[in-house]
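Working notes for the structure below.
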Amino acid sequence: SPQEFVDLNLFYHPGWYLVSASCLAFGLFVVWAGIFYGLASPKGKVMFERVFWVLCGISIVDYMCFGKHLGTLSSNLKYIAGMWFSDSEQALNAIVVILLAIALWLIVLRWSRRVPGILTVGILTLACMSVVNVTGICSSINQITTPEAAAASQPEFTLSKNGKNVVVLMLDRSVGAYMPYIFNEKPELKERFSGFIDYPNTISFGKNTNFGTPPLFGGYEYTPAKMNRRSDMLLKDKQDEALRVMPMLFGQNGYDVTVFDPPYAGYSWIPELSIYDDCPNTTAYNTKGKFVEPEQREAFIRNNKRNFFFFGLTKAAPLILQPTIYDYANYNNSIPNGQTTSGAHTASGMNDTFLNSYSTLVHLPDITRISEDGGNHLLVMDNEAAHEPTLLQEPEYVPSPVVDNTEFDTQHADRFTLDGRTMEVSTAYQYSHYQVNMATMLQLGRWFDYLKENGVYDNTRIILVSDHGREMWQFDDMYSNQNFDALGCNALLMVKDFNASGFTISDEFMTNADVPTLAMDGLIENPVNPFTGNAITSEDKTAHDQYILRSSAWNTEINNGTQFLPGDWYTVHDDIWTKSKWSSVAKKAILDQEN
């Protein structure tokens with residue numbers, strides 16, 4: 001996603017990364033290689049030509065055919081799940097490389113006159129591919145509107161001491177099942193979260209944002225199966241419609257509405273805030289990265305200008321060499337690129353993508369305006385701190401250039417067993433997911449203290465919810481198979497109503513599509529979806545089993561038709577922790593609510 005490489009607060013067109021990489025490549029392969037070629041003897045020049053001919057073929061095959069399933073690549077060119085190849089993958093690649101090298105060597109020996117023509121065709125073909133790809137990149141970046149205005153805007157929102165305040169805070173990828181363990185480890189959070197009810201028996205409708213956010217913001221009309229049924233509209237338009245349901249209704253009922261970072265607004269990586277132009281009393285901001293230090297933004301750009309070239313070298317190299325060039329995403333640079341883990345408990349460097357969202361949570365007290373009037377206010381906000389797995393320094397759970405939790409994790413290994421249920425936490429990936437969820441809760445607790453001190457906590461309804469969880473196979477008693485772990489759909493849901501007290505845990509079956517009903521309860525009488533005319537209720541939850549879409553087609557630049565691309569479908573009812581309540585109903589299918 002080209003837009004993922006853009007920071008609105010320091011706009012730098014990612015096309016310049018390609019220019020930088022091209023210049024470095026030209027300097028190495030044309031200028032320096034040309035110098036050594038020119039200094040070589042006649043026989044040396046022949047050898048030089050033949051070796052480069054073979055390398056051209058090997059590089060193309062390595063790039064096009066191998067190392068294609070490494071998962072998500074972050075904007076600092078780091079594979080989230082790491083770079084690792086099995087022995088069989090490396091062996092197959094080595095065999096192909098050796099056989100290809102032999103074939104290309106024989107070709108240059110027997111048909112050397114044809115080699116320049118073949119290389120010319122190859123160069124022209126790759127040049128055409130590059131033009132097409134660069135055009136697509138520029139087209140995506142050109143969709144970003146008014147980056148200068150976005151950089152200049154200063155996000156803020158208002159809460160009233162004497163009116164009604166509603167806060168809907170989506171914490172992307174926050175795992176609901178973690179909360180009992182987090183609050184058990186940090187019992188002081190129960191006081192900070194006074195009035196909250198935690199619902200760990202909560203399901204989302206998919207394991208990715210494009211499946212989980214529409215029902216979260218729009219209700220049961222926007223589950224994947226229901227959206228598929230409305231096949232006369234683009235998914236993009238249905239996403240935007242769902243994002244506007246609550247702001248439109250609250251705004252029409254006299255509320256002052258603020259929206260932060262609406263996910264996939266306009267089906268764009270950088271939310272398209274213009275979707276709220278017709279929503280009354282509504283102001284929208286993009287806050288991601290707004291509060292990080294300028295030096296951090298500049299370092300990100302500087303590292304990427306260098307590392308794009310080395311990323312190209314990595315992907316063109318045989319598999320056995322790729323991890324060495326990749327170097328845990330440092331690309332053999334003395335300056336750490338993001339965070340590098342050296343085990344389950346230790347790491348060095350800072351995760352830029354985590355800090356972009358975490359810093360917003362840290363600054364929540366700074367951007368909260370307290371009003372004495374009797375106005376009513378709604379804040380709808382998305383934050384991705386829990387989405388970015390990062391090892392943090394324990395027990396404070398804060399970012400640190402050097403992390404060493406070896407002693408703490410050894411001494412507190414029992415914190416992952418609660419009421420006889422053990423959560424598997426042994427890898428850096430599992431520890432980091434738990435830690436970013438903990439850090440998120442700690443910062444929210446700090447903000448809640450601020451709201452209490454300023455007299456706006458009791459008259460504020462707060463809903464904490466996530467769009468999905470994460471498949472990590474951490475619970476033996478949760479429904480799973482080799483392809484699906486229900487933890488990926490276990491959404492966070494915590495609700496504090498007006499003037500509520502205490503901290504409780506409820507086993508009631510919930511879904512994240514309950515959020516609009518919970519937000520409007522008692523405030524908007526008989527709410528009706530302003531775009532479809534249908535009543536907004538949670539009756540669907542108990543009327544039938546809930547359809548869950550298990551798909552990896554999260555990219556809205558590809559999965560953007562009128563229906564979601566085929567995936568695996570499951571149903572669940574009553575209790576996500578009881579395996580008998582789950583059923584697999586379809587594979588590689590497109591289902592709608594009528595099926």
Side-chain angles (χ1 to χ4, degrees), residues 9 150 152-171 188-197 217 246-262 273 276 279-292 357-385 439-465 494-503 515 518-524:
N9 304 291
S153 67
Q154 294 299 320
E156 64 178 23
F157 61 94
T158 299
L159 298 178
S160 171
K161 287 186 176 183
N162 300 305
K164 295 287 188 181
N165 306 307
V166 179
V167 173
V168 177
L169 177 48
M170 172 186 140
L171 303 172
E188 64 271 22
L189 283 175
K190 293 180 181 179
E191 177 60 30
R192 289 184 159 184
F193 280 68
S194 61
F196 272 91
I197 303 174
F217 290 101
M246 285 190 287
M248 182 68 79
L249 279 174
F250 276 93
Q252 289 174 346
N253 283 270
Y255 278 71
D256 173 70
V257 180
T258 305
V259 180
F260 285 173
D261 304 292
L273 302 182
Y276 296 104
C279 293
N281 307 318
T282 299
T283 306
Y285 300 92
N286 285 322
T287 71
K288 189 175 180 181
K290 176 66 71 172
F291 301 102
V292 299
S357 297
Y358 179 74
S359 59
T360 300
L361 296 179
V362 172
H363 284 82
L364 277 177
D366 301 324
I367 60 178
T368 305
R369 301 290 174 259
I370 307 299
S371 171
E372 299 282 350
D373 64 30
N376 300 321
H377 301 270
L378 169 70
L379 170 66
V380 178
M381 175 180 175
D382 172 34
N383 186 270
E384 297 180 9
T440 298
M441 293 299 118
L442 291 174
Q443 287 303 320
L444 288 178
R446 176 173 165 267
W447 181 51
F448 295 158
D449 285 346
Y450 174 83
L451 298 184
K452 293 173 185 176
E453 293 168 2
N454 286 274
V456 293
Y457 187 76
D458 288 339
N459 66 319
T460 300
R461 173 181 288 166
I462 304 174
I463 301 173
L464 307 180
V465 63
M494 300 179 70
V495 182
K496 185 199 81 70
D497 211 344
F498 301 114
N499 299 306
S501 61
F503 179 85
V515 168
L518 292 168
M520 300 175 194
D521 183 34
L523 301 178
I524 299 177

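For reference, positions follow the sequence shown, starting with 1.
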* Pairs where residues 360-379 contributes a residue and the test ring pair (Phe, Tyr, Trp, His ring centres under 6.0 Å) is met, not counting sequence neighbours -> Phe291-His363
* To do: Could you tell me which residues satisfy side-chain hydrogen bond (donor to acceptor under 3.5 Å, both in side chains) with Thr360, sequence neighbours excluded, listed by chain and number?
  => none
* Asked: Excluding sequence neighbours, so at least two apart, what forms side-chain hydrogen bond (donor to acceptor under 3.5 Å, both in side chains) with Asp261?
  -> Thr287
* Residues in side-chain contact (heavy atoms from CB on, under 4.5 Å) with Asn376, at least two apart? -> Lys164, Tyr255
* To do: Nearest 0.5 Å please: distance from the NZ atom of Lys288 over to the OG atom of Ser357.
  => 5.0 Å
* Listed once per pair and sorted, the salt bridge (Lys or Arg N to Asp or Glu O under 4.0 Å) pairs that draw on residues 364-383, sequence neighbours left out -> Glu156-Arg369, Lys161-Glu372
* Asked: Roughly how far, to the nearest 0.5 Å, is OG1 of Thr258 from CG of Leu378?
  -> 8.0 Å
* To do: Indicate the atoms forming the closest heavy-atom contact of Ser371 with Thr158, along with that distance.
  => CB-CG2, 3.6 Å
* Asked: Would you find a donor on one side and an acceptor on the other, under 3.5 Å apart, between the side chain of Asn281 and the backbone of Gly251?
  -> yes
* Asked: About how many Å separate CZ of Arg192 and NZ of Lys452, when rounded to the nearest 0.5 Å?
  -> 8.5 Å
* Asked: Which distance, rounded to the nearest 0.5 Å, do you find between the CG of Leu169 and the CG of Leu364?
  -> 7.5 Å
* Closest approach of Ser160 to Asn459 (non-hydrogen atoms, all atoms of both residues) -> O-ND2, 2.7 Å
* Asked: Should Leu444 and Leu171 count as side-chain neighbours, where that means a heavy-atom distance under 4.5 Å?
  -> yes
* Structure fact -> dist Ile462:CD1 -> Asn165:CG (nearest 0.5 Å) comes out at 9.0 Å
* To do: State the CE-CG distance between Met170 and Leu464, to the nearest 0.5 angstrom.
  => 12.5 Å
* At their closest point, which heavy atom of Phe250 faces which heavy atom of Leu523, and how far apart are they? -> CE2-CD1, 4.2 Å
* To do: Examine Phe260 together with Tyr285 and report whether their ring centres are nearer than 6.0 Å.
  => yes
* Check for a donor-acceptor pair, side chain of Arg446 on one end and backbone N or O of Val362 on the other, with a separation under 3.5 Å. => yes
* To do: For Asp458, enumerate each residue passing the side-chain contact (heavy atoms from CB on, under 4.5 Å) test, keeping only those at least two apart in sequence or located in another chain.
  => Asn499
* With Glu191 via side-chain contact (heavy atoms from CB on, under 4.5 Å) - residues at least two apart -> none
* Asked: Given side chains that start at C-beta, do those of Ile367 and Phe157 come closer than 4.5 Å, heavy atoms only?
  -> yes
* **Residues forming a ring-ring contact (aromatic ring centres under 6.0 Å, His included) with Tyr457, sequence neighbours excluded** => Phe448
* **Donor-acceptor under 3.5 Å (Asn454 side chain, Val456 main chain)** => no
* To do: Taking the side chain as every heavy atom from C-beta outward, state whether Phe503 and Leu189 have any atom pair closer than 4.5 Å.
  => no
* To do: Mind checking side-chain hydrogen bond (donor to acceptor under 3.5 Å, both in side chains) for Thr368 and listing every partner two or more places apart, or none if nothing turns up?
  => Trp447
* Residues which pass salt bridge (Lys or Arg N to Asp or Glu O under 4.0 Å) with Asp497, listed by chain and number, not counting sequence neighbours -> Arg461
* Asked: side-chain contact (heavy atoms from CB on, under 4.5 Å) with Ala284: which residues, sequence neighbours excluded?
  -> Val259, Leu273, Tyr276
* Taking salt bridge (Lys or Arg N to Asp or Glu O under 4.0 Å) as the test, write out the residues that go with Asp521, two or more places apart. => none
* To do: State, with a plain yes or no, whether a side-chain heavy atom of Phe193 is found less than 4.5 Å away from one of Lys496.
  => no
